[in-house]
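Remarks on the structure that follows.
Every chain is numbered from 1 and lettered A, B, ... according to where its sequence line falls, protein lines coming before strand lines.
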Number of protein chains: 2
Amino acid sequence: MTDSEYRDIRQLNLFAQMADEHFTALMRGAYVQNFPAQIELITEGEPGDFLHIVISGSVDLFSAWNGRDTSMATVRPVSTFILAATIKDGPYLMSARTLEKSRIALIPSQDVRAIFDADSDFARAIVTELAQCYRSVIKAQKDLKLRTSLERLANYLLRQQRHAGGGTEFELDFEKRRLASVLGMTPENLSRAFKGLQPYGVTVTGTRITIGNQADIEHFAKPNPLIDDFST
Amino acid sequence: MTDSEYRDIRQLNLFAQMADEHFTALMRGAYVQNFPAQIELITEGEPGDFLHIVISGSVDLFSAWNGRDTSMATVRPVSTFILAATIKDGPYLMSARTLEKSRIALIPSQDVRAIFDADSDFARAIVTELAQCYRSVIKAQKDLKLRTSLERLANYLLRQQRHAGGGTEFELDFEKRRLASVLGMTPENLSRAFKGLQPYGVTVTGTRITIGNQADIEHFAKPNPLIDDFST
DNA sequence: GCAGTCGCTTGACATTTATCAATCCATTTG
DNA sequence: CAAATGGATTGATAAATGTCAAGCGACTGC
């Protein structure tokens, strides 16, 4: 692990406040590996032996049942994933695969649990992180249960726009087939949904989105902080 | 609060291991109140000033957007709800209403956060509880995204059957309109879904369910521990 | 450069789910 | 007891969403 990677990890909310000694201990036990694209890092159901950190690249969390599968989330650098399985010492509930060439750090779950007991700042950070994750999933659940696919897409675009700086033009940050899966629809339907947003001034060219009329699309999407804000 | 209620709360996973002194301090600051049925205890968006504990009765957690609403979960005695808002010191993401006459304890969120810092056993219990909650929502999300409404109902019935002891006959534990909302469908569709399960040996009389052919319904439902087991 | 691959789009169609209206049925209430 | 209420059911219909098949277009690799 390079010094700069080490510092990036140290600056994550999860690790920022803990004692140097404990952070060093965690990092000493960590493995860092480079993976090519499309490698399955984790298979759901396996024991959650490692806390994962994406240092670079990106990772898709997905799940399968009865021949179907769905993307649950995308993890981008620098952040951790599957903290809950680590804490509960339970099986992974989601599988994970690299979307591109990625660098991943693996910290043994045992170490995380041991240092949780020894470092109260780390304990507090873990609690905050878990609460944040929980609330994110609750929001996703509300999005799914309360909105149609067209509304989900519209609100996704507004979130993405804000994330990209708020300009009228921005890029989708992943391929459409996976966006469709994240939004809980088929790729065919996503195509049609983009067309369905044209009357509200949304135009799409490849991965480039243009919001032609901010008021129109917002009036349609009705974004709500209790569903769409990252922070709350 | 009666002695027996006090003991019931003490025995919750969240409070079982903490120091007596700290538990007593939490309880000293708590309010206990009786509410009639159909009272809105919490409105989403308000600051999460209290950790709630259902002592008796039951509470529906729900959310609304753009004129629609959906039940997210039902809380039954004895357990806590909206721990995450308490921890994050953020707004409630869900509203809560009593389903029947209920007795509720309210613990100021500040107290919870203060004692979290002072009692490492309590801190550990909170982390475990949050991880559990997170994983439950992930499972609910998989249920919603990977299954049709008929499949969700079939798996719900199997879970409920197991929860009721595993016999061929058992009772639904809440009214159908709300079951429909929890499962993400309309009451009309739930009615039809019950009919749709008849070919698999499921019969319904009021709130009483009979599983006529265990193998048949399981073959259709394909329950999966990573979606349907409470514990994992 | 060109064949092959893969993702995206489109159209036709099927399935699933929601909506609306009417009715049934059990429970409550006067 | 009768009327009223509210949930449950049913049927007819509409809307949303998925499936299948075909074609387009960009990128990849020989």
B:Lys195 side-chain proximity, nearest of D:dT9, D:dT10, C:dG7:
D:dT10
Answer yes when B:Asp228 and B:Arg147 have at least one side-chain N-carboxylate O distance shorter than 4.0 Å, and no when they do not.
yes
Measure the shortest side-chain to side-chain distance between B:Leu106 and B:Leu51 over non-hydrogen atoms and say whether it is less than 4.5 angstrom.
no
Could you tell me how far apart A:Arg178 (CZ) and C:dC8 (P) are, to the nearest whole angstrom?
10 Å
D:dG11 base / B:Arg192 side chain donor-acceptor hit below 3.5 Å:
yes
One thing to verify: whether A:Asp173 and A:Arg76 come together as a salt bridge, which I'm taking to mean a side-chain N less than 4.0 angstrom from a carboxylate O.
yes
A:Asp69 CG to D:dG18 P, straight-line distance once rounded to whole Å:
14 Å
Give every donor-acceptor pair under 3.5 Å between a side-chain atom in residues 181-203 of chain A and any protein atom, sequence neighbours left out.
unit_1: A:Ser181; atom_1: OG; unit_2: A:Ser71; atom_2: N; d: 2.8
unit_1: A:Thr186; atom_1: OG1; unit_2: A:Asn189; atom_2: N; d: 3.2

Rounded (10°) bend between the five-pair end axes of the helix from C:dG1-D:dC30 to C:dG30-D:dC1
40°
B:Thr186 side chain near C:dA18 phosphate (N/O to OP1/OP2, under 4.0 Å):
yes
Is any side-chain nitrogen or oxygen of A:Ser149 closer than 4.0 Å to OP1 or OP2 of D:dT17?
yes
Answer yes or no on whether B:Arg178 is positioned over the face of B:Phe174, meaning its NZ or CZ is under 6.0 Å from the six-membered ring centre and within 45° of the axis.
yes
Rounded distance (Å) that lies between atom P of C:dT17 and atom NZ of B:Lys145:
16 Å
To the nearest Å, how far apart are B:Leu190 CG and C:dT19 C1'?
16 Å
Salt bridge flag under 4.0 Å for residues A:Glu40 and A:Arg97
no
Could you give the CZ-to-C1' distance, from A:Phe194 to C:dC8, as a whole number of Å?
11 Å
Whole angstrom is fine here: how far is it from CD in B:Gln38 over to C1' in D:dG7?
13 Å
How is B:Glu188 classified with respect to the nucleic acid when contacts are heavy atoms under 4.0 Å: base, sugar-phosphate, or nothing?
base
Nearest whole angstrom, please: distance from the P of D:dA12 to the CG of B:Asn189.
16 Å
Would you call B:Lys142 and A:Asp69 a salt bridge, using N to O less than 4.0 angstrom?
no
